[in-house]
Colleague: 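Here it is, the structure, as structure tokens.
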Amino acid sequence: LCLEPKGAPPGPPFWPPRPRAAVRDQRSTEAVMATALASTPRTMSRFFAMLACALALLAGQVGASPNIGSHIVLIAHDYATSGPAGTLSQQDYVLGNSVLMADTDDESETINVIVYTEFSDEAKVAVAEQAIADVAAARGRTIAFSRLTSAADLDTALNLKHVLFLPEQANRAGASFATQAAEWNPTLKLFLQHRGVIIVNSVSTNDLTYELVGGFVQTSIAASTTGVALTAQVGHLCNPVVKHAVTNYTATTASASWGATTVTYGRNSQVYPVVVVASTGDPVAIDVEIPCNGHVVLIGHDYFTSGEADTISTQDRVLGNAVLLAPTMGNIHVLVYDQYADGRGEVLSARQAIGEVMQEAGRTTTFAKLHQWSRLPRALSRRVNVLFLPEQENSRAYGGSLKPIGAEWKEVLLAHVQRGGIVVVNAYSNFDRTWELVNGLVWTSIGGRTTQQLVSVTEGAEKHPVMRGVGAYQASDGSTDWFRTRLNVADSGATITELVHVESTGLPIVIDVEFPGEEPIHCSERFPPPPPASPPPSPPPSPIIASNIGGDGGADDSGAGGGAGGGDGNPSIKDQEVNVDVTDPALLPIIGAVVGFIAFVIVVVAVLRYMGIGCFKAKAKRGRGENRSDSGSREGSGSRSRSRERSRERSRERSRERKGSDGSGSQASGGRGTKDKRSRSARKGRGKKSGAGREPIEIKDVQLTEQLV
């Protein structure tokens, strides 16, 4: 889940080291890990990533990646005026927060907003733009506005834009936008596939601005709500439209409520009424989330040859447009499976064709290679937008059939397309059998060779995104058509569209299989509410209470137990609740870094000790006693042992001197000898009374010293 696929290009990590601004809440774990990787030296990033991944898996933070789709936000405010000077109203935040859902590579990137002003009031547009800019500035973002003054220019004007803003078109005088909406639908469909955001302002039946998105959402204006108390819908407080600074407010300008709203595009699209009338619950602001659809594009060209240098052939454009279906506004990540492909032929030529189309569209692409089919489940993670399967002309080395691989890949590919991923297949003949890799989703087979035959766009497919800029052309060498294509996934809701066909036979040469995106995860599941706040800490103990700690166990003034004899006068640290959520994604990189550093130090020390390098080598040569006496405490212990040894030596010398003096005295004088004998007996008595003689003490000391040593 976390590591780079084998064969990733050198340079920046394949994992984009940034959280996506529009989906940072939905992909909190991925954003935290990506940030950790970006701030970690590359030599250790793999190690720390594994630790962070393991912790995330244990915490349940990493699972099936959600389909983060596009948004159509319906706001029934006309924004004739904004909040008081120098302030931002909650009405302004509803509009500004909607714009900030834009899909950008990072939060430092400028959000490009195009405003359709053909039939709008310029004064209201200026107020709305100022509100958006102010909200963005308050949240640390920047906005760049551009104008669309003619509906006919939408296709070119919408390129590289994040947000399409449709303010109230009051100067239309109640005329319908149905025809214009039908012309816009193909362009808006691709815009939504790229996770674009469309914002509609409408307050009456005179402007009908909402009809511009009629190909995706059917709704109408219900009633005026000007001056009515509004509130954020309780069930959707986590929604990005109202999550920041929107609770309860009264509309400052003309407002309305929406009638019945239904989504006509996307099998699993969802409608979230985020702002409603407080008294009736009628929606005033609606967030329609549309999951991005996945695609399997079958192209009957092997791309051994491409167009001339610095030129884009029609055949190249088909491949490039298929890659441009990727559900992102930013850099497109392409995973190339080349285990049985010709890396210097078809793969290189196809990559060149894709790069030229991307350059023309102003987009960037990152390629990574997959050399082993069994590693696809790990490599095809959520960060991969496109899986490219070039012609596997050397598949005979596997046994001639790729069906076993396709069967193993079925669930992985299905999950990929359901979260909006793209799969592009190139094939030419029965020798490569590349199409069998996707037979788990789409069953098809090769028809006949169509080399140098005239092919043209199928009727009704002219406005398909893959056909942008594509007309009739002559198929190059290494081309074929498809035969008997059908779905192989029950109840998937997928549709098959033939895009290009051979004019002589009518058989398709380019096919698009579109899979509906999976149902988006509600925001409450993406980022659940924080745990309830812990109770406030107890006040510090007074001197009287503190004096009872460890006392006689009596109760203090608060009724708590006293010291050791009863309950503690004050709760100890172990008795207090510490509310630390170890599953919080924000803690994962910190925990991973700490655990990783400790493990790294342990491994290094173990290796150095094993190899006997530096100070570890010197310590290894020392004896047991010398090694212990290195520290200050052990030196003190050794000096005390030597002091006791000298004391015992002096005691033995004094004992020998007394014995010698007693013997000489008894020989010189008998009387005195009797007296000395009596005194010695007395001394023996005193020694017995004390419980130990001198010799036992010396023996005991010697034994104790040996134990210490």
Colleague: Examine distances only and state if a side-chain atom of T261 and a backbone atom of G259 form a donor-acceptor pair shorter than 3.5 Å.
Modeller: yes

Colleague: Sub-3.5 Å donor-acceptor pair from the side chain of N201 to the main-chain atoms of E168, do we have one?
Modeller: no

Colleague: Hey, are T458 and E498 close enough side-chain-wise for a donor-acceptor pair under 3.5 Å?
Modeller: no

Colleague: Grab the two heavy atoms, one from S202 and one from T209, that are nearest each other, plus how far apart they are.
Modeller: OG-N, 3.9 Å

Colleague: Determine whether a donor-acceptor pair (N or O, by modelled atom type, separation under 3.5 Å) exists between the side chain of Q339 and the backbone of W373.
Modeller: yes

Colleague: Roughly how far, to the nearest 0.5 Å, is the CD atom of E356 from the CG atom of D316?
Modeller: 6.5 Å

Colleague: Using modelled atom types only, decide if a donor and an acceptor are shared between the side chain of E391 and the backbone of T434 within a distance under 3.5 Å.
Modeller: no

Colleague: May I ask you to decide whether K189 forms a salt bridge with E514, counting only side-chain N to carboxylate O separations under 4.0 Å?
Modeller: yes

Colleague: Mind checking whether Y272 and H236 have parallel, tilted or perpendicular rings, split at 30° and 60°?
Modeller: tilted

Colleague: Count the heavy atoms belonging to other residues, nucleotides or ligands that lie under 6.0 Å from CD of Q452, then report whether that count exceeds 12.
Modeller: yes

Colleague: Is there a donor-acceptor contact under 3.5 Å from the side chain of H194 to the main chain of K161?
Modeller: no

Colleague: Look at the side chain of D302 and the backbone N and O of A427, then say whether any donor-acceptor pair between them is shorter than 3.5 Å.
Modeller: no

Colleague: Once you round to the nearest 0.5 Å, how far does CG of N426 lie from CZ of F388?
Modeller: 4.0 Å

Colleague: Once you round to the nearest 0.5 Å, how far does CG of L413 lie from CZ of F515?
Modeller: 9.5 Å

Colleague: For I422 and V334, run side chain to side chain contact (heavy atoms under 4.5 Å, CB included): C-alpha distance rounded to whole Å, both residues' side-chain angles, the deciding distance at 0.1 Å, then the answer.
Modeller: CA-CA 9 Å; I422 311 299; V334 181; over 6 Å; no

Colleague: Kindly determine whether Y473 and V455 satisfy side chain to side chain contact (heavy atoms under 4.5 Å, CB included), including the steps that lead there.
Modeller: CA-CA 6 Å; Y473 64 96; V455 298; 3.4 Å; yes

Colleague: Atom CD of residue position E462 - does it have more than 12 heavy atoms of other residues, nucleotides or ligands inside 6.0 Å?
Modeller: yes

Colleague: Using the rule side-chain contact (heavy atoms from CB on, under 4.5 Å), only one of I72, V271, V73 pairs with I286; which is it?
Modeller: V271

